[in-house]
Amino acid sequence: MASKNLRRRLHHGDVDGKRHEHFETSGLDGLNEPLLGNYEYDDKHPEEHALWDDERKKEDQHWTLLFSRLIAEWAQWLANIVIGSGTLLKRVLPFDSATPTGQSKKILPPSLSPLQEERLRNMQRRMEVPFDSTRVEHQDALRQLWSLAYPDRELPALKSELWKEMGWQGTDPSTDFRGGGFISLENLIFFAKKYPDSFHRLLHKLDGNRADWEYPFAVAGINISFMLIQMLDLQSGKPTSQAAVRFLQLLGEDEMAFDNLFCVAFQLMDAQWLAKRASYMDFNDVLKSTRTQLERELELEDVYSVRDLPVYNMLKR
């Protein structure tokens, strides 16, 4: 179904995870028994019942206090054993610091070549550029994307209902960029130019059995750009995962490695969408699984370029 029928808005605050809705419920909801039991009291001797209840309460409080102290002491004793044995085990079996093959899991800062450093700086400069609807070059880039997406159609005004057909949430695409920045528009243009077949199949939802409530194409692209920037630690330039380290290596071989990886990620996201039979509200879960799969493939051996990733074979020119 065309994205213009969507009733919900997709926000960047949702890129890193699900919405968390909190429902407050009364304590009565968790009860399996009524609050008042069906006890039968002897009406003839109320004083005896009252005295018995007082004595029983005192006894219960005594045992409760005793049990609490015993449990606290036992917990402290167990914790000391676990901590002590854990330290010993780490010395004998350093399973936290090594993989089954003996390779360390610790991520060491890679030594970058001058070329890699230059390309990383260029990437960071690109990420710092927000989309600015008042800049002529940004307006032209948006028009270029439309022409690539719909080569046989007339170019609409920069504010038009027609933009919703591409998967923008409103009549003004500039309001959808937010944290994605101008680089996300560059990614979409690169995708349309380099892999036009895959681009159009995803834009028009031509593959598989589609959901009635589909993800909006353009906004999904912005989210994918943002997800990749986070996954690869590009803002800090200090990788915290093997996938991020591998990407810096790929960047040394291909200046457009990020743009190519964007295309791969978009194609993979759509495949995950179809496999999960997802609908609009499942987008964040699909994006997470896409990230997980990309990280796994980037950690594979013998990956020297984006083309070496298994998922790259899904792209069509």
Side-chain angles (χ1 to χ4, degrees), residues 1-15 131 133 138-229 259 262-274 276-288 290 314-316:
M1 181 177 292
S3 57
K4 61 182 179 181
N5 294 328
L6 295 176
R7 300 181 182 86
R8 296 288 300 269
R9 291 176 63 86
L10 181 64
H11 297 284
H12 290 291
D14 297 333
V15 170
F131 181 85
S133 60
H138 289 197
Q139 297 174 3
D140 290 343
L142 201 54
R143 295 188 182 100
Q144 182 184 16
L145 179 62
W146 177 273
S147 298
L148 290 167
Y150 307 107
D152 300 325
R153 296 179 60 180
E154 184 179 353
L155 187 68
L158 291 177
K159 293 183 180 180
S160 169
E161 290 286 338
L162 294 176
W163 288 104
K164 294 181 181 179
E165 297 181 23
M166 191 188 292
W168 302 99
Q169 296 180 106
T171 59
D172 183 3
S174 66
T175 61
D176 284 329
F177 284 96
R178 298 185 185 90
F182 185 63
I183 190 173
S184 58
L185 180 55
E186 292 179 319
N187 292 153
L188 286 167
I189 292 173
F190 180 89
F191 193 9
K193 286 182 173 181
K194 189 73 176 289
Y195 307 98
D197 191 2
S198 286
F199 177 88
H200 284 96
R201 296 190 73 83
L202 297 184
L203 171 64
H204 299 293
K205 308 294 193 300
L206 298 180
D207 295 328
N209 296 320
R210 312 306 306 196
D212 291 333
W213 208 4
E214 277 287 332
Y215 65 84
F217 175 82
V219 174
I222 293 175
N223 277 267
I224 290 171
S225 296
F226 187 73
M227 178 270 289
L228 290 176
I229 290 172
D259 300 80
F262 169 86
C263 302
V264 168
F266 211 140
Q267 185 70 64
L268 176 59
M269 187 278 294
D270 190 74
Q272 296 268 2
W273 180 273
L274 293 174
K276 293 176 179 291
R277 298 181 180 179
S279 186
Y280 182 84
M281 299 305 294
D282 302 314
F283 181 79
N284 291 320
D285 289 334
V286 174
L287 198 63
K288 285 182 179 180
T290 301
M314 299 172 62
L315 285 173
K316 302 173 184 177

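Ile222 and Ser184 get closest at one heavy-atom pair: CG1-OG, 3.8 Å. Nearest approach of Asn187 to Ser225, heavy atoms of both residues: OD1-OG, 2.7 Å. The shortest heavy-atom contact between Met269 and Val286 is O-CG1, 3.5 Å. Contact record, Lys193 with Leu148: CG-CD1, 4.0 Å, taken as the closest heavy-atom pair. Contact detail for Leu315 and Phe191: the closest heavy-atom pair is CD2-CE1, 4.1 Å. Here the shortest heavy-atom pairing between His200 and Ala149 reads NE2-O, 3.3 Å.
By the 4.5 Å heavy-atom criterion applied to side chains, Asp259 and Lys194 are not counted as neighbours. Between Leu185 and Phe182, the closest side-chain pair of non-hydrogen atoms falls below 4.5 Å.
Note that the CZ atom of Phe262 and the CG atom of Leu188 stand 4.5 Å from one another [nearest 0.5 Å]. Residue Ser174 holds its OG atom at 8.5 Å from CG of Leu158, rounded to the nearest 0.5 Å. In this structure, the separation between CE on Met314 and CG on Asp207 is 8.5 Å, given to the nearest 0.5 Å. The structure places CG of Leu287 at 12.5 Å from CG of Asp282, a figure rounded to the nearest 0.5 Å. Between the NE2 atom of His204 and the CD atom of Glu165 there is a distance of 10.0 Å, given to the nearest 0.5 Å. Summarising the geometry, atom CE belonging to Met227 is positioned 6.0 Å from atom OG1 belonging to Thr290; distances are rounded to the nearest 0.5 Å.
Within the structure, side-chain hydrogen bond (donor to acceptor under 3.5 Å, both in side chains) contacts touching residues 141-152 (residues at least two apart or in different chains) are Asp140-Arg143.
Glu214 contributes no side-chain N or O that, together with a main-chain N or O of Ser279, makes up a donor-acceptor pair within less than 3.5 Å. Judged purely by atom type and a 3.5 angstrom limit, Asp270 has no side-chain atom pairing as donor or acceptor with the backbone of Phe266. Side chain of Trp168 to backbone of Glu161: no donor-acceptor contact under 3.5 angstrom is found. Using modelled atom types, one side-chain atom of Thr175 and one backbone atom of Asp172 make a donor-acceptor pair closer than 3.5 Å.
Ring-plane geometry between Phe283 and Tyr215 is classed as tilted, the angle between the planes lying from 30 to 60 degrees on a 0 to 90 degree scale. Using the six-membered ring where Trp is involved, Tyr195 and Phe190 have ring planes that are perpendicular, over 60° apart on the 30 and 60° scheme.
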Next on the checklist: Arg178 vs Phe226, test: side chain to side chain contact (heavy atoms under 4.5 Å, CB included). Steps then yes/no.
Outcome noted: CA-CA 10 Å; Arg178 298 185 185 90; Phe226 187 73; over 6 Å; no
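The aromatic ring centroids of Tyr280 and Trp273 lie 6.0 Å or more from each other.
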